[in-house]
Trainee: 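Can you read through this structure? Questions will come right after.
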Amino acid sequence: MCGRFSLSSDPVRLAVELDAVDEASSPPPGLWPAEGPRSPRFNIAPTTTIPVLALDVPRERLDRPGGPERVLRAMRWGLVPSWAREGQRLPTLFNARVETAFSKPSFRSAVARRHCVVPMDGWYEWVPGEPAETGGGAGLKQPFHMSLPGDRGLLMAGLWEARRGPGDEAGTQLSCTILTTEARGPLRAVHDRMPLVVDPSVVSDWLDPSVIGDPRALVDGAGGDLDRWAHSVQITPVSRAVSNARNEGPELVRPVDPGEGTLF
């Protein structure tokens, strides 16, 4: 689940809102992705470059007092483990189940050391349509866009990884995944999983694994009442055009009559 999402804010605005240093707009030399994310985006798919909030210890503070600072970085959506060999084929790890991430080789290092937050306006899910005839297969899938009222943004819990390329000049690849949990309330009608939201009040605690080390704590109440949050989410039918990752534009998040969603 959570294989597509939308985000209209650019990194400069996000960095201000999240009290972070903006390194996403123009990534520092030696980091890959080497170019910042495009914005606005209404149909973000796995392997896309996205802005991600994490913690960093600036080089000038390494030998002096002062904790890590928030930094917004450009990352590949789809985690690439640090131990992955060049050219090795891996699944597109764009989601990680919160119940098992700590035990999975691909994620457990990030669970212990590298937490992040993925900003988004909303995410998409697809629900199979009614059969065209009795006894027939399911009809066309209807996409829905999940968001909060009033254009409020969402902050989703994630994990990130840094993978050194071969050789001294290859740079470091940054990548991330979004944590998911069991769907709550009305969100169960569209999918049995949902992205794991981080309440703004605990963003700093979540980013620091020494404070919230186990992602399951966010499910158990450390990040607020998930059931109450799920009931506040708007579930909006949108055009089937979003099913094609090449389609882009604000029309993809506009409400449609579920029977009239077009695919083009």
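Sequence positions, counted from 1, serve as the residue numbers for this chain. Computed from heavy atoms alone, side chains included, the values below leave out hydrogens, waters and symmetry copies.
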Trainee: Show your working on salt bridge (charged side-chain N to carboxylate O under 4.0 Å, His left out) between R73 and D56 and close with a plain yes or no.
Mentor: CA-CA 10 Å; R73 284 183 165 153; D56 183 40; 3.3 Å; yes
Trainee: If you measure only the distance, is there a donor-acceptor pair under 3.5 Å linking the side chains of D121 and S147?
Mentor: no
Trainee: Hey, does F42 have a side-chain heavy atom less than 4.5 Å from the side chain of E248?
Mentor: yes
Trainee: Is the closest side-chain donor-acceptor distance between T172 and R164 under 3.5 Å?
Mentor: yes
Trainee: Quick one: closest heavy-atom pair of A230 and G185, and the distance?
Mentor: CB-N, 4.5 Å
Trainee: So, do P28 and E23 sit near enough that their side-chain heavy atoms are less than 4.5 Å apart?
Mentor: yes
Trainee: Can you list everything that forms a side-chain hydrogen bond (donor to acceptor under 3.5 Å, both in side chains) with R228? Sequence neighbours excluded, please.
Mentor: none
Trainee: Please tabulate, for the side chains in residues 152-162, all donor-acceptor contacts under 3.5 angstrom to protein atoms that are two or more places apart in sequence or on a different chain.
Mentor:
residue : atom : partner : partner atom : Å
R152    : NE   : P149    : O            : 3.3
E161    : OE1  : R114    : NH2          : 3.2
E161    : OE2  : R114    : NE           : 3.0
E161    : OE2  : R114    : NH2          : 2.8

Trainee: Not counting sequence neighbours, list each pair that qualifies as a side-chain hydrogen bond (donor to acceptor under 3.5 Å, both in side chains) and has a residue in residues 216-225.
Mentor: D214-R216
Trainee: Are side-chain heavy atoms of L53 and L14 found at a separation under 4.5 Å?
Mentor: no
Trainee: After noting the C-alpha distance and the side-chain angles of V242 and N247, does the key distance pass the side-chain contact (heavy atoms from CB on, under 4.5 Å) rule?
Mentor: CA-CA 6 Å; V242 76; N247 290 331; over 6 Å; no
Trainee: Indicate yes or no: does E99 engage R193 in a salt bridge with an N to O separation below 4.0 Å.
Mentor: yes
Trainee: Determine the minimum heavy-atom distance between F107 and A101, stating which atoms define it.
Mentor: CB-O, 3.4 Å
Trainee: Within the structure provided, determine whether T49 and W77 are in side-chain contact (heavy-atom separation under 4.5 Å).
Mentor: no
Trainee: Of all heavy-atom pairs between M75 and A54, which one has the smallest distance, and what is that distance?
Mentor: CE-CB, 4.5 Å
Trainee: Is there a side-chain contact between V16 and R13, using heavy atoms and a 4.5 Å cut-off?
Mentor: no
Trainee: Can you tell if the side chain of C176 reaches within under 4.5 Å of the side chain of F94, non-hydrogen atoms only?
Mentor: no
Trainee: Any salt bridge linking D227 with R184? Criterion: basic side-chain nitrogen under 4.0 Å from a carboxylate oxygen.
Mentor: yes
Trainee: Side-chain contact test, heavy atoms from C-beta onward, threshold under 4.5 Å: evaluate it for L72 versus V21 and give yes or no.
Mentor: no
Trainee: Kindly give the heavy-atom pair with the smallest separation between M120 and I178, and that separation in Å.
Mentor: CE-CD1, 3.9 Å
Trainee: Under a 3.5 Å threshold, yes or no: a donor from one side chain and an acceptor from the other, between R70 and S204?
Mentor: yes
Trainee: So I235 and L187, do their side chains get closer than 4.5 Å, heavy atoms only?
Mentor: yes
Trainee: Kindly assign one of parallel, tilted or perpendicular to the pair H115 and W206, based on the angle between their ring planes and the thresholds 30° and 60°.
Mentor: parallel
Trainee: Are F144 and W126, when compared by the centres of their aromatic rings, separated by less than 6.0 Å?
Mentor: no
Trainee: Could you tell me which non-hydrogen atom of P37 sits nearest to which non-hydrogen atom of A24, and how far apart they are?
Mentor: CD-O, 3.5 Å
